[in-house]
Amino acid sequence: MSHTPSVWPIHSIRHQFLGLRRLQDHQPVAFFDGPAGSQVPECVVKSVASYLRYTNCNRGAAFETAKWSDSILDGAHQALADFVGADDPSCISFGANMTSLTLALSRALGKLWKPGDEIIVTRLDHDANVTPWVLAAQDAGVTVHHVELNPDQATLDLDDFRKKLSDRTKLVAIGMASNATGTVNPVREMTRLAHDAGALVFVDAVHYAPHGRISVNELGCDFLACSAYKFFGPHVGVLWGRRELLESIRPYKLRPSPDYLPGKWMTGTQCHEGIAGAAAAVNYLASIDVLLDDNSGHEDRSRSAKLDRVFSRIMEYERTLTLAFLSGLRDVPGIRIWGITSVDQIDQRVPTFSMTFPNRTPRQAAEWLARQGLYVWNGNHYALPFTESVGLEPGGTLRAGALHYNTIEEIQRLCGALKEMQSSPVVP
Ligand SMILES: Cc1ncc(COP(=O)(O)O)c(C=O)c1O
């Protein structure tokens, strides 16, 4: 019996992802590796190939292919502005990945700090939203505070945050969702508190981006970064910033490259085919709107409105996936889930689950599952501040993450396999 809600167009969605058709030992593979990088729909693959095939060119030349290329790349700034809920496409910068963009921004922002200033990072963040700021703080002689965790649930201790915030705080760097535990942080509230104290706010939305609608206007943050390869696109990073900040801060850059937006923060020649693919990923997400059963009667057919509707349905569907995880994992002998497990709080998490077992390492468990065509991750997932603070180094956790293309049946299969694993002897 299928438990997949008929309202979510799962078959039409999965049909577009050829990667999901992989078989191993005549059995379908189930991809739970989305937190490390999602699968990609055919329209994104085609847009990358088409860019390279027909419009491959550097920026700004006088001839035909360059004009096509420029219009695709300009369109991508608009697509990503729509994706993060921003008004101004020139406030979108592309780069190699979120880490490189954050290192570049931290180095530039750090030049404005002086001894006596402070910054705040958290124990729940990916290291890409911690170490770039710590390094810039070291260079500037600035104090770094770390927001501690409520370890039971892997949520941020907001009282600790309030205590550490002061009029000396120059920057608060927070994640929208943890790539280790799936916790969704109260970014809007934290941003308001930080702004009241006079600090800038940088948000890492890399893990959140495939799961929920982002609106920089609603969050009120000053900078936000994400990575297209986590939301069904190619390996490209994206940075949004407030225009006045991007214009006033001086990046480390070459002399002939533009001093104006959007080129100012984009060092060197970009991965044009990847940028074309990132825009295609946004268009893919917006295109889910036509598959929704309540699609008729909407007046607003803009891409932003489609993204609003699609993400509200993705969140609804992913809640059912989270519930399937919670009920299936409960029966796995000896398992420890690192994160929110209460059904009442499922709105504070996405379906990304970190777990450990008393009798085998995360790597052993991942290998056991891989042999059965269940693709999960093990290790610290670069969420080192978390694994260190809860004593999970060096092994880290076993991490299974679901996206809107995963099914409840896949989750049941994974939970069944984990149960079987726990009743089998450990093979070293
Ligand atoms: C939450 C989070 N932040 C930042 C990053 C780093 O992103 P990138 O690989 O684009 O540098 C990742 C990558 O896994 C992530 O999950």
Side-chain angles (χ1 to χ4, degrees), residues 31-40 80 83-84 92-107 121-135 147 149 154-156 172-185 187 190 201-212 214 219 221 223-240 265-267 270-271 274-275 277-278 281 338-339 348-354 375-389 396-403:
F31 288 89
F32 291 107
D33 62 336
S38 62
Q39 299 301 305
V40 171
L80 271 295
F83 184 69
V84 301
I92 295 288
S93 307
F94 293 101
N97 45 54
M98 176 275 185
T99 304
S100 307
L101 287 163
T102 308
L103 279 165
L105 180 66
S106 65
R107 196 171 174 217
V121 294
T122 89
R123 301 277 187 214
L124 200 50
D125 268 272
H126 187 285
D127 204 50
N129 199 24
V130 176
T131 292
W133 306 113
V134 170
L135 292 175
V147 182
L149 300 172
T155 52
L156 288 177
V172 173
I174 29 178
M176 254 184 115
S178 159
N179 69 317
T181 65
T183 315
V184 174
N185 295 317
V187 171
M190 292 174 79
V201 176
F202 178 95
V203 176
D204 172 1
V206 172
H207 190 66
Y208 188 80
H211 298 289
I214 299 171
L219 292 174
C221 57
F223 303 98
L224 180 138
C226 54
S227 270
Y229 75 96
K230 310 282 189 177
F231 57 87
F232 321 107
H235 294 87
V236 168
V238 181
L239 172 72
W240 169 87
W265 289 86
M266 293 170 45
T267 22
Q270 297 291 313
C271 176
I275 293 172
W338 296 84
Q348 290 173 53
R349 65 143 45 253
V350 293
T352 300
F353 284 83
S354 255
Y375 291 4
V376 300
W377 266 91
N378 67 279
N380 61 33
H381 325 294
Y382 275 35
L384 194 59
F386 169 73
T387 50
E388 279 177 340
S389 62
T397 67
L398 181 81
R399 181 184 66 183
L403 292 168

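Read the numbers this way: they start at 1 and go in the same order the structure lists the ligands and their atoms.
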For [atom], grab the closest protein heavy atom and report residue, atom and distance to one decimal in Å.
atom                    : answer
atom 15 (C) of ligand 1 : H126 CD2, 3.1 Å
atom 10 (O) of ligand 1 : S227 OG, 2.4 Å
atom 14 (O) of ligand 1 : K230 NZ, 2.6 Å
atom 9 (O) of ligand 1  : Y229 OH, 2.4 Å

Under a 4.5 Å cut-off applied to non-hydrogen side-chain atoms, are [X] and [Y] in contact?
X    : Y    : answer
H211 : P351 : yes
N185 : Q348 : no
S389 : L149 : yes
H381 : T387 : no

query = Which atoms of ligand 1 are found less than 4.0 Å from any heavy atom of M98?
reply = 4 (C), 7 (O), 8 (P), 10 (O), 11 (O)
remark   = Note: ligand 1 atoms sitting under 4.0 Å from heavy atoms of N97 are 8 (P), 10 (O), 11 (O)
request  = Describe, in one word, how the ring planes of H126 and Y382 are oriented to each other, choosing from parallel (under 30°), tilted (30 to 60°) and perpendicular (over 60°).
outcome  = tilted
request  = Show your working on side-chain contact (heavy atoms from CB on, under 4.5 Å) between W265 and L101 and close with a plain yes or no.
outcome  = CA-CA 8 Å; W265 289 86; L101 287 163; 5.9 Å; no
message = I want to confirm something. Looking only at heavy atoms, which of D204, T99, L103, L124 is nearest to atom 3 (N) of ligand 1?
response = D204
request  = Looking only at distances, please establish whether an N/O atom of ligand 1 is found under 3.5 Å from an N/O atom of S100.
outcome  = no
ask   = Under 4.0 angstrom from ligand 1, any heavy atom of Y208?
value = no
request  = Kindly determine whether M98 and D204 satisfy side-chain contact (heavy atoms from CB on, under 4.5 Å), including the steps that lead there.
outcome  = CA-CA 8 Å; M98 176 275 185; D204 172 1; 3.7 Å; yes
